[in-house]
Amino acid sequence: MIGAGFMGAAHSQGWRVAPRFFDLDVKPEMAVLVGRDAERTQAAADKWGWAETATDWREVITRDDLDIVDIVTPGDSHAEIAIAALAAGKHVLCEKPLANTVDEAEQMAAAAEKAAANGVLAMVGFTYRRVPATAFAKQLVADGRIGEIRQVRAAYRQDWLMDADGPMTWRLDKSRAGSGSLGDIGAHAIDLAEYITGMQLDRVSGVLDTIVRERPLLGEGVGLSGTAAEERGTVTVDDVAVFTARFGVDGGYAPIASFEATRFATGRKNALTIEVSGSKGALVFNLERLNELEFYDATVPSNDQGFRTILVTEPDHPYLAPWWPAGHMLGYEHGFSHQVKDFMDGIATGAQPTPSFADGLHVQRVLDAVERSSAADSAWAVV
Ligand code: SOE
């Protein structure tokens with residue numbers, strides 16, 4: 001695994017736990033953790049359970065005793081590492097968004113296609129597809145329970161940037177992160193909307209804005225004490241993204257959707273929400289209540305209608321069978337175990353796990369279209 005930050009911790013726990021709960025035909029072993037700072041990487045490896053550490057990914061990815069490369073670095077290194085790892089014959093799991101630009105994502109998707117011909121697989125880490133309630137929402141849509149989809153409302157709202165004196169981080173630097181709220185969390189909303197509905201967006205009209213344009217640079221001791229640094233850095237990404245979109249369909253009504261991605265939604269900690277309205281019913285999911293799915297059945301007599309909350313913890317719900325008795329709740333981290341399970345199943349059977357790099361490229365094109373639209377006074381941009 002390359003990278004040892006927030007996602008490094010989350011993925012490590014997935015690698016460790018998945019083979020202990022799911023019956024995997026091929027079991028992963030946690031071999032090498034790669035990070036730039038030797039001491040910090042060693043400490044992380046000891047804590048999370050990696051057998052070895054290294055500081056240069058180039059020396060690691062060609063090793064004969066390794067089969068999988070997991071990329072959890074900032075977006076600016078995804079393309080280089082993924083393409084090199086696939087060329088070395090390693091299966092690749094890469095964090096989202098796939099890359100920082102469409103051009104990079106295209107090269108990655110092409111590398112993945114080439115590798116697939118040799119049985120080498122690549123997958124993108126849109127983990128929220130693997131929350132049981134979102135996977136169940138997809139099943140209900142596929143089973144026709146909400147009928148023809150007419151509208152989708154999706155938003156990913158956090159508030160961790162609301163303190164204007166909060167420090168600069170790589171997530172606020174376009175050269176490292178690619179974009180701001182749009183790519184970091186809006187990408188999840190896009191992927192989830194497309195996953196649940198089974199449709200793809202084909203045009204968007206949006207606006208991006210940066211609310212706090214300069215932030216203290218982290219100096220020695222600064223940030224730990226909460227003291228604002230003298231020196232300030234420029235925020236080069238969007239703080240908030242709002243856009244309208246249309247799904248592409250082959251005939252019939254092309255549903256319209258609204259999206260919002262922000263890290264300034266005061267009071268919202270991790271509210272990835274999606275509401276799908278259809279001719280026979282509706283669904284509502286909120287990641288802050290991730291064991292629940294609201295379902296409205298418009299086919300029952302009107303006196304009985306109303307949103308009801310389904311506790312998605314039954315053994316027959318997606319991914320739930322090996323976990324706890326009904327009602328004993330899963331959390332944020334379980335999505336990462338489910339991701340490892342699906343990836344390892346793909347490796348064991350040779351079937352392409354989803355989302356593929358081609359799916360990741362499509363999301364990258366949507367992100368790019370939103371940026372183009374915003375730069376053109378919110379004119380519609382084709383994906
Ligand atoms: C990782 O998947 C990620 O998108 C992070 O990069 C976001 O900051 C987060 O809060 C949601 O998950």
Side-chain angles (χ1 to χ4, degrees), residues 1-15 48 70-78 82 92-100 105 123-131 133-135 154-163 166-174 176-195 215 235 237-241 259-274 285-290 330-340 342-343 353-355 357 359-360 363-364 366-367 370:
M1 185 173 78
I2 302 164
F6 166 29
M7 278 306 111
H11 281 227
S12 294
Q13 110 97 42
W15 289 116
W48 301 336
D70 183 7
I71 304 168
V72 288
T73 54
D76 60 340
S77 53
H78 287 185
V92 172
L93 172 61
C94 182
E95 251 308 311
K96 47 48 61 184
L98 185 58
N100 278 4
M123 182 170 113
V124 197
F126 282 115
T127 338
Y128 298 132
R129 290 178 171 218
R130 298 179 158 92
V131 172
T134 63
Y156 201 154
R157 301 188 190 105
Q158 301 177 336
D159 73 354
W160 59 275
L161 285 180
M162 62 177 282
D163 176 3
M168 273 295 288
T169 82
W170 68 265
R171 285 179 201 271
L172 302 177
D173 176 357
K174 191 172 175 60
R176 304 217 57 207
S179 68
S181 294
L182 178 65
D184 183 28
I185 54 177
H188 280 300
I190 295 165
D191 182 69
L192 197 59
E194 295 191 337
Y195 167 71
R215 288 182 176 272
V235 173
V237 299
D238 57 282
D239 283 333
V240 53
F259 287 86
E260 182 185 0
T262 171
R263 299 181 287 202
F264 278 81
T266 312
R268 301 291 176 208
K269 301 303 166 187
N270 205 28
L272 169 58
T273 57
I274 180 157
F285 170 76
N286 180 355
L287 185 60
E288 289 183 350
R289 295 266 178 280
L290 61 73
L330 298 198
Y332 170 74
E333 72 278 17
H334 290 82
F336 296 91
S337 293
H338 303 160
Q339 177 164 274
V340 166
D342 289 343
F343 190 50
T354 54
F357 274 19
D359 297 324
V363 172
Q364 204 73 45
V366 176
L367 301 176
V370 175

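Order of listing sets the numbers, starting from 1, for every ligand and every atom in it.
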Colleague: Salt bridge (charged side-chain N to carboxylate O under 4.0 Å, His left out): which pairs involve residues 177-193, sequence neighbours left out?
Modeller: Lys96-Asp184, Arg129-Asp191, Arg171-Asp184, Asp184-Arg263

Colleague: Could you grab the distance from atom OG of Ser77 to atom CD1 of Ile2, nearest 0.5 Å is fine?
Modeller: 8.0 Å

Colleague: Pairing donors with acceptors under 3.5 angstrom, does anything connect the side chains of Asp76 and Trp170?
Modeller: no

Colleague: Output all residues satisfying ring-ring contact (aromatic ring centres under 6.0 Å, His included) with Phe343, sequence neighbours left out; order by chain, then residue number.
Modeller: none

Colleague: Within the 4.0 Å heavy-atom shell around Tyr128, which atoms of ligand 1 are there?
Modeller: 11 (C), 12 (O)

Colleague: Between Thr127 and ligand 1, does any nitrogen or oxygen pair lie at a separation below 3.5 Å?
Modeller: no

Colleague: Closest by any non-hydrogen atom to atom 9 (C) of ligand 1: pick that one out of Lys96, His11, Gln158, Glu95.
Modeller: Gln158

Colleague: So is Tyr156 in contact with ligand 1, going by heavy-atom distances below 4.0 Å?
Modeller: yes

Colleague: With rounding to the nearest 0.5 angstrom, report the CG to OG1 distance, Asp342 to Thr127.
Modeller: 11.5 Å

Colleague: Could an N or O of ligand 1 be found under 3.5 Å from any N or O of Tyr332, whether backbone or side chain?
Modeller: no

Colleague: Do me a favour and list the nearest non-hydrogen protein atom to atom 7 (C) of ligand 1 with residue, atom name and distance?
Modeller: Asp184 OD1, 3.2 Å

Colleague: Measure the distance from atom 2 (O) of ligand 1 to every protein heavy atom, then report the residue, atom name and distance (to 0.1 Å) of the closest one.
Modeller: His188 NE2, 2.9 Å

Colleague: Find the distance between CG (Leu93) and CE (Met123) and round it off to the nearest 0.5 Å.
Modeller: 5.0 Å

